[in-house]
Amino acid sequence: MAIVQGTDSNFQQEIAEGVVLVDFWAAWCGPCKMIAPVLEEVDAEIGNEVKIVKVDVDNNQGTAGEYGIMSIPSLLLFVDGELKAKTAGFMPKEALIDFINDNK
């Protein structure tokens, strides 16, 4: 499954069904740039089990504010629209997959 760009207007629709990992990020954020290829690898490896949605906090401040995003990258895991877990900062691929599997 391809990584989806989330916005204030489509966010609730994107997280409504299944296991969804949301990456709150910004273009100027160094650790966000570091985790982007890791998210691509996770998508390639387990994209059939988890949908990945990226939300640019600069352009979607409503959604970022609603979920109390104070630092980026922030990764939130939703299952059928319900927030199950939240973490912040860079993670290697194995740790990110464990985070997903431990909380879905």
Side-chain angles (χ1 to χ4, degrees):
M1 185 180 290
I3 295 177
V4 176
Q5 298 303 314
T7 65
D8 285 346
S9 59
N10 75 357
F11 187 77
Q12 292 303 321
Q13 176 184 329
E14 294 295 346
I15 66 166
E17 293 180 13
V19 179
V20 183
L21 179 70
V22 179
D23 171 30
F24 285 91
W25 68 284
W28 47 264
C29 164
C32 299
K33 292 176 186 175
M34 290 170 49
I35 204 166
V38 174
L39 292 170
E40 295 283 349
E41 290 176 30
V42 169
D43 184 56
E45 199 167 305
I46 62 169
N48 59 330
E49 300 170 34
V50 62
K51 175 181 180 178
I52 299 175
V53 177
K54 294 178 67 74
V55 177
D56 182 336
V57 297
D58 288 335
N59 297 327
N60 301 283
Q61 295 177 0
T63 302
E66 182 178 341
Y67 289 95
I69 304 304
M70 296 298 204
S71 61
I72 52 174
S74 280
L75 301 166
L76 280 61
L77 189 74
F78 293 86
V79 177
D80 295 330
E82 182 182 340
L83 179 61
K84 294 290 186 179
K86 184 176 183 177
T87 188
F90 175 81
M91 279 186 173
K93 181 181 77 170
E94 295 75 18
L96 189 50
I97 289 173
D98 286 346
F99 170 75
I100 293 165
N101 288 331
D102 290 348
N103 293 293
K104 65 181 181 182

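For this chain, numbers begin at 1 and follow the sequence in order.
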Problem set entry | Pairwise distance CD1(Ile52) to CD1(Ile46) - rounded to 0.5 angstrom |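 The CD1 atom of Ile46 is 7.0 Å from CD1 of Ile52, to the nearest 0.5 Å.
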Exercise. Looking at CG of Leu75 and CH2 of Trp25, how far apart are the two atoms once the value is rounded to the nearest 0.5 Å?
Worked result: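 That separation rounds to 13.5 Å.
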Exercise. Can you list the residues that meet the salt bridge (Lys or Arg N to Asp or Glu O under 4.0 Å) rule with Asp56, with sequence neighbours excluded?
Worked result: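 Partners of Asp56 by the salt bridge (Lys or Arg N to Asp or Glu O under 4.0 Å) criterion come out as none, since no residue qualifies.
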Do [X] and [Y] share a hydrophobic cluster, counting only Ile, Leu, Val, Met, Phe, Trp and Tyr and linking them when any side-chain heavy atoms are less than 4.5 Å apart?
X     : Y     : value
Val55 : Val20 : yes
Val42 : Val4  : no
Leu77 : Ile15 : no
Ile97 : Phe90 : yes
Leu21 : Met91 : yes

Exercise. So among Lys51, Lys86, Lys54, Lys33, which one has a salt bridge (Lys or Arg N to Asp or Glu O under 4.0 Å) with Asp23?
Worked result: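 Between Asp23 and the candidates, salt bridge (Lys or Arg N to Asp or Glu O under 4.0 Å) is satisfied uniquely by Lys54.
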For this session: With sequence neighbours excluded, tell me which residues meet side-chain contact (heavy atoms from CB on, under 4.5 Å) with Ala88.
Result: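 Once residues adjacent in sequence are excluded, the partners of Ala88 under the side-chain contact (heavy atoms from CB on, under 4.5 Å) criterion are Ser71, Ser74.
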Exercise. Of the non-hydrogen atoms in Asp43 and Ala2, which two are nearest, and what is the gap between them?
Worked result: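 Minimum heavy-atom contact is OD2-CA, 3.9 Å.
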For this session: For residues Glu49 and Val19, determine if any side-chain heavy atom of one lies less than 4.5 Å from a side-chain heavy atom of the other.
Result: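 With C-beta onward as the side chain, the pair stays apart.
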Exercise. Any side-chain heavy atom of Leu39 within less than 4.5 Å of one from Leu96?
Worked result: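 Result yes, sub-4.5 Å side-chain heavy-atom pair found.
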Exercise. Given Trp28 and Asp58, is the side chain to side chain contact (heavy atoms under 4.5 Å, CB included) satisfied, shown in steps?
Worked result: CA-CA 10 Å; Trp28 47 264; Asp58 288 335; 2.7 Å; yes
Exercise. Can you list every pair that meets ring-ring contact (aromatic ring centres under 6.0 Å, His included) and has a residue in residues 43-70, with sequence neighbours left out?
Worked result: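 For residues 43-70, and leaving out neighbouring residues, the ring-ring contact (aromatic ring centres under 6.0 Å, His included) pairs sorted by first residue read Phe11-Tyr67, Tyr67-Phe78.
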For this session: Can you establish whether the number of heavy atoms outside Gln5 located under 6.0 Å from its atom CD is more than 12?
Result: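 Yes.
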Exercise. Any side-chain donor-acceptor pair under 3.5 Å between Thr63 and Asp8?
Worked result: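 Looking only at side-chain atoms, Asp8 and Thr63 do form a donor-acceptor pair, the distance falling under 3.5 Å.
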